[in-house]
There are 2 protein chains.
Amino acid sequence: MEIDPLGITPVYQQLADILRAEIRSGNLPVGKPLPSYVTLTQQYEVARGTAAKAVQLLVKEQLVRIVPGKGAYVISR
Amino acid sequence: MEIDPLGITPVYQQLADILRAEIRSGNLPVGKPLPSYVTLTQQYEVARGTAAKAVQLLVKEQLVRIVPGKGAYVISR
DNA sequence: AAATATTTGTACGTATGTATG
DNA sequence: GCATACATACGTACAAATATT
């Protein structure tokens, strides 16, 4: 999956879409943490705040639960 | 109302609290827009993103509705 | 017990895009 | 076209929570 920084869809949405797809597919299994912000920023070349915003969307969708100091864990798919 | 940048409560929460109080008191009446981000940043000496985050909280609480290019209007109190 | 590393939380400042008037 | 206002995005920095050494 690729992110288009110039696309119509905001980058944070694109990233959330990617992560959601990874969760739904089981590629990111329940109980496992998402890649850290640092990893996400490097892997998708987005800013940290953008990565955080994307993950927050998934939290709102109750797909992940964030544990400060630990990670963002997949709780459902 | 004052913001304490070193307080326990996050600045964006403090600002949201202040604005909420202004709305509840009728000081910021229904139908009127909140001060703009520029005004908020100057008045409370916070960053623009912080002001935006505070206003977003009020949106979530359905106290205000943001109209892009116009302002953040009080819709309830 | 203490120091270090990792990860999320908050906050800053800045730049650019989009919508409205 | 221009000014105003919100939206998105970047990069950076430090604090707080957690885990490990």
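Only this structure's heavy atoms are used, side chains among them; waters, hydrogens and symmetry mates stay out.
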message: Just to verify, which of Gln13(B), Gln14(B), Arg20(B) counts as forming a side chain to side chain donor-acceptor pair (under 3.5 Å) with Asp17(B)?
response: Arg20(B)
Nucleotide nearest Ser36(B) (side chain, heavy atoms from C-beta), chosen from dA5(D), dG9(C), dC12(C): dA5(D)
query: Can you check side chain to side chain contact (heavy atoms under 4.5 Å, CB included) on Leu19(B) and Val64(B), steps first, answer last?
result: CA-CA 10 Å; Leu19(B) 295 174; Val64(B) 309; over 6 Å; no
task: Tell me which nucleotide among dT10(C), dC10(D), dT7(C) gets nearest to the side chain of Pro10(B).
output: dT10(C)
query: Quick one: on DNA chain D, does Gly69(A) or Pro5(A) contact a more 5' nucleotide (nearest heavy atom)?
result: Pro5(A)
- request: Please report, rounded to the nearest Å, how far the C1' atom of dT18(C) is from the CG atom of Leu6(A).
  value: 15 Å
task: May I ask you to verify if any side-chain N or O of Tyr12(A) is less than 4.0 angstrom from the OP1 or OP2 atom of dT8(D)?
output: yes
- request: Quickly work out the Gln42(B) CD to dC12(C) P distance and round it to whole Å.
  value: 14 Å
- prompt: Whole Å only: how far is the CZ atom of Arg65(B) from the C1' atom of dT20(C)?
  reply: 14 Å
task: Find which nucleotide of DNA chain D each of Leu34(B) and Glu45(A) is nearest to by heavy atoms, and output the residue with the more 5' nucleotide.
output: Leu34(B)
query: Is Lys70(A) near enough to dA17(D) that one of its side-chain N or O atoms lies under 4.0 angstrom from OP1 or OP2?
result: no
statement: Rounded to whole Å, CD of Gln56(A) lies from P of dG9(C) at a distance of 6 Å
Evaluation steps, side chain to side chain contact (heavy atoms under 4.5 Å, CB included), between Val55(B) and Tyr37(B): CA-CA 9 Å; Val55(B) 174; Tyr37(B) 288 163; 3.9 Å; yes
Complement of dA1(C), any strand, by Watson-Crick or G-U distances under 3.5 angstrom: none
message: Restricting to non-hydrogen atoms, name the atom on Leu40(A) and the atom on Val46(A) that form the minimum distance, rounded to 0.1 Å.
response: O-CG2, 4.1 Å
message: Base, sugar-phosphate or nothing for Ala72(B)? Non-hydrogen atoms, less than 4.0 Å.
response: sugar-phosphate
query: Is Glu45(A) atom CD crowded by more than 12 heavy atoms from other residues, nucleotides or ligands, each under 6.0 Å away?
result: no
field: Nearest-angstrom distance from the residue atom CD of Gln14(A) to P of dC10(D)
entry: 10 Å
- prompt: Side chain of Arg48(B): nearest nucleotide among dA15(C), dG9(C), dC12(C)?
  reply: dA15(C)
Euclidean distance, atom CD1 of residue Ile66(A) to atom P of dT10(C) [Å, nearest integer]: 10 Å
- prompt: Rounded to whole angstroms, how far apart are CD on Gln13(A) and C1' on dT8(D)?
  reply: 11 Å
message: Check this one for me: any side-chain N or O of Tyr37(B) less than 4.0 Å away from OP1 or OP2 of dT4(D)?
response: no
message: Rounded to whole Å, how long is the line connecting atom CG of Leu15(B) with atom C1' of dT10(C)?
response: 14 Å
query: For dC10(D), does OP1 or OP2 lie under 4.0 Å from any side-chain N or O of Thr50(A)?
result: yes
message: Considering every strand and a 4.0 Å limit on heavy-atom distances, what is the contact class for Val38(B): base, sugar-phosphate, or nothing?
response: nothing
Closest approach of Pro35(B) to Leu28(B) (non-hydrogen atoms, all atoms of both residues): CD-CD2, 4.3 Å
- prompt: Within the pair Lys53(A) and dT8(D), is there a side-chain N or O less than 4.0 Å away from OP1 or OP2?
  reply: yes
